[in-house]
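Input: a single structure, listed below in C-alpha cells.
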Amino acid sequence: MSNMSTTTVQIPFLDLVTPHKELEEELLSTLRDTLGTAGFVGGPKVEEFERDFAKFCGAAHCVGVASGTDAVRFALTAAGVKPGDIVVTVPHTFIATTEAISQAGARPDFVDIDERTYCMDPRKLEEYLEQHCSVDANTGKLIHRKLQAPVTAVVPVHIYGQTADMDPILDLAHKYNLVVIEDACQAHGAEYFSKKSNAWRKAGSIGHAAAFSFYPGKNLGACGEAGAVTTDNEAMARTMRMIRDHGQAQKYYHQIEGYNGRLDALQAGFLSTKLRHLANWNRQRQDAAKRYDQALAGIAGVVAPVCPDSARSVYHLYVIRVSDRDALQKHLAKAGIGTGIHYPVPLHLQEAYRHFNYRTGSFPVCERVASEILSLPMYPQLRIDQIQSVVREVAAFLSPLRATPKAEQVQPVAL
Ligand SMILES: Cc1ncc(COP(=O)(O)O)c(C=O)c1O
C-alpha cells in the first residue's frame, strides 16, 4: 500500500484495451486471413471497407488513405487547391488540420470559433470573406487584400464529435466559389440537421469532401494509422485514388506526382470489423454524455458541452470548461482520474506559426476556451459508477464546503 495515496478510483481518460479484448477473435481472424493471402496493400479488404464506410456516411465514394492528415491534404489537392492559395480554418483544432493545408501548398488562415459549440463561427467566416477579401474584377477570384493571395477553400472542423454549423458555411462557400472540406477526423457518425435540405446529414456527406482519421483513439480507430476521404464527387475520388498511389491509375503509368498514402489492407480489415460496432459505440458515448450532463447541471462553475438542436454529437470527447482548469486537472489526477486538454495552445499562438505574426487577442474566443477546457474520461465502456466518481470529484473541487452530489444524481438515462 502506498503510504500517502488517497486514491480511491482509477478511471483512465481512454480505455483502448477493453474494446480490443472484446473483438480479439474477429481481429485475429482478419490478421490470419491477411497473412494467409499476403494481400497487405490494396485489394478486396480495402474495397470492402471503402464501400461500407461510404454507405455509413451517406456518401457516394470513400477513398482509404494512410492517415487523417493525408485525408485533409489529398482532399484539398483533389478539389483544386493550389500552392499559394489561402485555406480558411479555425485555430481551435489539432495541428494536423493546418499541416495538411500547408502540405497541399496553401497558407492556412483562421477565423474564430463559436463560444457555445467550439466549432467555426459562420459569422466570423462571413466577416473574414466580406471585410478582408474582395473579388478580383478580371479573374473573378476572391483575393485576401492584405495577403494578396486567393482564398479558395474552407475547412470547418467537427471538433469533439459535433458538426460545425454547415448551412451558413456552405451558403458563403457557394457565394464566393469556395471548396468546403469537412475535417471530420473526430466525428465518425455525427449528424447535422440541414435546414437547406430539411434532413439530417451525416458528417462526411455535407461538404464537397470530408476527411476522417482512424487513429486508434478515435470513435472508429484502426490498430495503427489510417484515414479516409468521403465525397459524392466521382472525379475527386478518382484523383484521390491516384494521389494516394504515386499518381498512377495503372501501375507504372504516372499521370501526376503523388504520394505513398494508401490505406493498408490489414487496417482496412480491422476497420470493417469495428465499423459494425460504431453505431452502438456512439450510442453508448451519447448515453454517457447525457449522464454527465445531468449530474454536472447542479454544479456551479462548470460549463458542460452545448449540443444545439441542429446537431447530434458522437462525443469523441466530453469537454467541460472551468475557470481554474489546471488545478481541477491536478485534483482529478490525484483522485486517479485521467483527463486531457484538447487543445491547450491555439494554433495561431504556436511556435510553428510564429512567422504568420498572429498575436494574443487575434482570436479571443478560442484563446479563452483553450485556457478553460478539460476533457473528462469518455469511451463507450465508461460505466455509470465511473461517471459518478468523476462528477463527485469535480463537485468536491468546485464546492468543497458543500455536500458533494449524491450518487443518485447520475441516473441511468431513459433510452
Ligand atoms: C481534427 C483533426 N484533424 C486531423 C487529424 C489528423 O489525423 P491523423 O492523426 O490520422 O493524421 C486529427 C487527428 O488527431 C484531428 O483530430
Side-chain angles (χ1 to χ4, degrees), residues 13-14 16 49 53 62-77 87-104 106 108 110-111 113 117-120 153-164 166 169 180-190 203-204 206-207 209-230 240 243-244 259-264 267-268 270-271 274 285 313-319 340-348 350 352-353 366 369-370 373 375 378-379:
F13 171 62
L14 178 62
L16 278 183
F49 173 69
F53 194 64
C62 168
V63 179
V65 296
S67 68
T69 313
D70 274 0
V72 178
R73 168 168 55 161
F74 297 169
L76 287 168
T77 301
V87 174
V88 185
T89 187
V90 284
H92 188 66
T93 178
F94 183 52
I95 194 170
T97 310
T98 45
E99 284 175 332
I101 293 169
S102 302
Q103 289 163 9
F110 301 111
V111 295
I113 55 170
T117 63
Y118 313 137
C119 291
M120 178 178 280
V154 183
V155 181
V157 181
H158 303 326
I159 200 84
Y160 306 153
Q162 182 162 297
T163 48
M166 294 300 289
I169 293 172
V180 177
I181 306 297
E182 301 167 61
D183 183 334
C185 286
Q186 301 189 4
H188 318 71
I206 312 173
F212 289 89
S213 164
F214 304 123
Y215 189 73
K218 303 296 196 220
N219 289 32
L220 178 62
C223 303
E225 304 278 357
V229 184
T230 55
M240 288 185 288
I243 294 176
R244 72 175 174 183
Y259 298 89
N260 178 352
R262 297 169 297 232
L263 168 63
D264 79 59
Q267 296 307 335
F270 291 151
L271 286 165
K274 291 180 166 191
R285 285 174 183 271
S313 174
V314 289
Y315 294 96
H316 171 56
L317 296 169
Y318 187 89
V319 179
I341 300 171
H342 303 88
Y343 299 90
V345 181
L347 289 186
H348 65 284
Q350 293 282 356
Y353 295 128
C366 169
V369 165
I373 43 175
S375 309
M378 170 55 80
Y379 34 93

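Keep in mind that the numbers below use all heavy atoms, side chains included, and drop hydrogens, waters and symmetry copies. Just so you know, ligand 1 is whichever comes first in the structure, and atom 1 is the first atom listed for that ligand.
Aromatic pair Tyr160/His342: ring centres not closer than 6.0 Å. Remark: aromatic rings of Phe53 and Phe214 are close, center separation under 6.0 Å.
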Could you list each nitrogen or oxygen of ligand 1 that sits under 3.5 Å from a protein nitrogen or oxygen, with the atom names and the distance?
from	atom 1	to	atom 2	distance (Å)
ligand 1	3 (N)	Asp183	OD1	3.3
ligand 1	3 (N)	Asp183	OD2	2.8
ligand 1	7 (O)	Ser213	OG	3.3
ligand 1	10 (O)	Gly68	N	2.8
ligand 1	10 (O)	Ser213	OG	2.7
ligand 1	11 (O)	Gly68	N	3.2
ligand 1	11 (O)	Thr69	N	2.9
ligand 1	11 (O)	Thr69	OG1	2.5
ligand 1	14 (O)	Lys218	NZ	2.6
ligand 1	16 (O)	Gln186	NE2	2.9
ligand 1	16 (O)	Lys218	NZ	3.2

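Taking CZ of Phe110 as the start and OG1 of Thr97 as the end, the distance is 9.0 Å to the nearest 0.5 Å.
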#### Entry: Audit row: Gln267, Glu225, side chain to side chain contact (heavy atoms under 4.5 Å, CB included) steps and yes/no
CA-CA 8 Å; Gln267 296 307 335; Glu225 304 278 357; over 6 Å; no
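Here the closest non-hydrogen pair linking Phe212 and His188 is CD2-CD2, 3.6 Å. Arg244 approaches Val65 most closely through the heavy-atom pair CB-CG1, 4.2 Å.
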